[in-house]
Structure formats: structure tokens, C-alpha cells
Amino acid sequence: MKNGAPWAAMRSPERRFHRVAADTIAAAVELCRRRLIGVSDTPWLDARVLASHVTGLDASAIVAYGEHRLPARRREELEALTSRRAAGEPVAYLVGFKEFCGLRVAVDRRVLVPRPETEELVLAVVEDWRGREPDILDLGTGSGAIACALADMLPNAAVVATDVSIGALQVAAENVARFALGERIELVHGDLFEPLERDRRFDAIVANLPYVRDGDPELAPGVRAYEPALALDAGLDGLDVYRRMFQEAPRHLLQGGRVYCECGPATAADLATTASAAFPDRTVSIRHDIGGRERMVLVA
Ligand code: GLN
């Protein structure tokens with residue numbers, strides 16, 4: 001850094017931009033960031049993640065080496081990715097992965113991008129079963145993010161993960177192999193409990209099933225346009241899939257077992273009612289996510 005303290009430049013990408021030549025990494029990142037303002041909630045983060053992807057540099061190196069030249073071919077790549085991002089495509093599909101519970105989970109358009117809220121679902125399970133050897137069922141595993149995170153954080157857990165989508169299971173298999181968790185994660189194809197033996201029981205049933213209501217005005221347009229409808233849509237009230245799940249769940253839960261479901265604020269109360277009807281002798285509770293929204297229904 002020629003003038004001033006390096007952290008001053010890091011704090012202020014704007015100021016940095018005015019000092020750097022047009023063909024530098026910093027200039028390209030700044031151009032990207034500006035194009036994403038108003039399109040993405042996180043333009044600065046997106047710009048750095050996309051720049052990392054095209055350069056192979058990690059996120060801090062993008063800042064540290066900002067004054068280095070970015071070859072024209074790389075700049076064009078970044079511009080093309082920025083255009084796709086500006087059209088609404090999730091960053092995770094553009095770069096092919098999403099960080100989830102400390103794992104770099106491979107994703108593509110066959111699977112829902114794992115959300116930070118879902119990390120809280122994983123943590124709820126981990127809190128309850130840490131130090132034990134639970135048999136866990138992950139319904140609708142998608143990319144396998146939940147199954148992999150649980151197997152990673154609970155080293156004595158065995159996980160069965162199901163999905164109705166063959167494409168999703170292919171992505172999940174890639175992730176299971178990537179994290180070398182094949183000995184403790186079994187992937188099975190089928191709808192909810194359907195591929196399991198009728199009375200196979202688990203300590204924990206974990207599910208981030210589709211819960212988006214038809215025409216939900218809160219669903220971000222980029223989600224609808226790019227992410228698989230199969231992983232999102234759940235009928236008029238958003239409970240079509242969970243209702244089917246709770247019909248079968250009691251016969252697959254061990255005594256003392258627990259159910260952990262992700263939901264949206266609009267579906268939480270009705271999902272809790274559905275869960276109580278299926279488990280009249282159990283305690284059903286709603287938990288909030290870090291943003292204060294009703295996000296989980298738990299059966300204990
Ligand atoms: N949380 C997702 C969204 O709002 C929905 C995930 C789901 O339906 N399971 O985009």
C-alpha cells in the first residue's frame with residue numbers, strides 16, 4: 001500500500017476505487033459491486049465472491065492484491081458473471097458452491113441453495129445430540145447440506161437422507177464424497193419416508209421440506225426464477241408436503257426421538273398444529289431464527 005494505512009483502503013472501497021487504475025482487480029470488483037446495487041442485498045460481498053471465483057484468489061487476497069492487474073480475459077469473465085447476477089441468478093449457482101456450517105457445499109440448479117437460516121436448524125439438532133450416537137433421518141436432503149453438516153458436527157451419528165429428485169441426489173452424492181462422509185451417510189431415492197422400511201425408526205427426523213405458499217408475495221423473484229420449484233412449492237397454505245410427512249412421522253420416530261422442521265413465519269403456527277395432531281403426547285414448540293422470524297417447529 002503506497003499511501004496511508006491498508007485498513008483505510010479496505011474500509012472504503014469507494015475511496016480506493018478513485019486511486020486505482022482501471023485494469024486492476026479493485027477496479028473490476030468495484031464495477032461489479034456498483035452494478036449489483038439495488039439488485040442484490042449484498043453487492044460488496046457478491047462482487048468479492050465472484051472475483052475470487054474468476055481469479056482463484058481468496059476473499060482477503062482480493063482486497064490485499066486490489067492494485068494488481070486483472071487480465072482482460074478474467075475481467076470479461078467477471079463482467080459476464082456480474083450480468084447473470086444482475087439478472088437475479090444466485091451467486092451460489094454462479095460459483096458452484098455455498099458455505100454452509102463451515103462446509104463448502106457444491107450446488108447447482110438441481111438443488112435449493114442452502115440458507116443461513118438452515119444452519120440454525122442444524123445447530124438445534126447438534127445441541128440435542130452432541131456426544132451421543134443418534135440415528136438421523138434427513139428428509140428432502142437436496143444438496144445434502146444438512147446431512148453433511150450433521151455428520152460432520154456429530155461424529156458418531158449415522159444419517160439416512162432421502163430425496164425424490166434424482167438430480168438432487170447426484171449433487172448430494174458429490175457432497176458426501178467431497179467431505180468423505182460416505183460411511184455415515186446413506187442416500188436413498190424416494191418421496192419422504194417411502195423408500196424406508198415401514199417401521200424403521202430414528203432418534204431425530206430433520207426436514208427442510210418445501211413450505212412456500214402458492215403465489216407467496218414474500219418469495220424473492222430470483223428464488224422463483226432460478227431455484228427448483230420442487231424444493232419450494234407446497235400448495236395453497238405451504239403445508240402440502242409437511243402434512244404428508246406428519247402422517248407418517250410417528251411410525252418412524254423412536255421413543256425419546258425428536259423432529260426438527262424448518263418453516264417460514266407464515267406457516268409456523270399451522271405447522272405446529274399439524275405436528276401436535278400427529279404427536280398428541282409430545283411437546284411441540286416454535287423457534288425463531290436469528291432475524292426473529294418463526295423458523296422452526298420442534299417435536300420433543
Ligand atoms: N427459505 C426458502 C426461501 O424462502 C424456502 C425453502 C423451502 O421451501 N424449504 O426461499
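In listed order, ligands and their atoms are each counted from 1. Along the sequence shown, residues are numbered consecutively beginning with 1. Note that this is a predicted model, so its numbers are computed, not measured.
A salt bridge does not link Asp163 to Arg110: none of the charged nitrogens lies less than 4.0 Å from a carboxylate oxygen. For the pair Arg130 and Glu127, the salt-bridge criterion is not met [side-chain N within less than 4.0 Å of a carboxylate O]. Ion pairing of Asp128 with Arg258 is present here, as a side-chain N (NZ or NE/NH1/NH2) and a carboxylate O approach within less than 4.0 Å.
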Scan the side chains in residues 141-152 for donor-acceptor partners under 3.5 Å anywhere in the protein, sequence neighbours excluded, and list what turns up.
| from | atom 1 | to | atom 2 | distance (Å) |
| --- | --- | --- | --- | --- |
| Thr141 | OG1 | Asp138 | OD2 | 2.6 |
| Ser143 | OG | Ala145 | N | 3.2 |

Quick one: side chains of residues 270-281, donor-acceptor pairs under 3.5 Å with protein atoms, not counting sequence neighbours, listed by atom name and distance.
| from | atom 1 | to | atom 2 | distance (Å) |
| --- | --- | --- | --- | --- |
| Thr273 | OG1 | Ala269 | O | 3.0 |
| Thr274 | OG1 | Asp270 | O | 2.8 |
| Ser276 | OG | Ala272 | O | 3.0 |

Would you give me the side-chain donor-acceptor pairs under 3.5 Å for residues 201-209, sequence neighbours excluded?
| from | atom 1 | to | atom 2 | distance (Å) |
| --- | --- | --- | --- | --- |
| Arg201 | NH1 | Pro250 | O | 3.2 |
| Arg201 | NH1 | Leu253 | O | 2.9 |
| Asp203 | OD2 | Asp135 | N | 2.7 |

Between ligand 1 and the protein, which N/O pairs are shorter than 3.5 Å?
| from | atom 1 | to | atom 2 | distance (Å) |
| --- | --- | --- | --- | --- |
| ligand 1 | 1 (N) | Tyr211 | OH | 2.9 |
| ligand 1 | 8 (O) | Tyr211 | N | 3.1 |
| ligand 1 | 9 (N) | Asn208 | OD1 | 2.9 |
| ligand 1 | 9 (N) | Leu209 | O | 2.9 |
| ligand 1 | 10 (O) | Arg115 | NH2 | 2.7 |

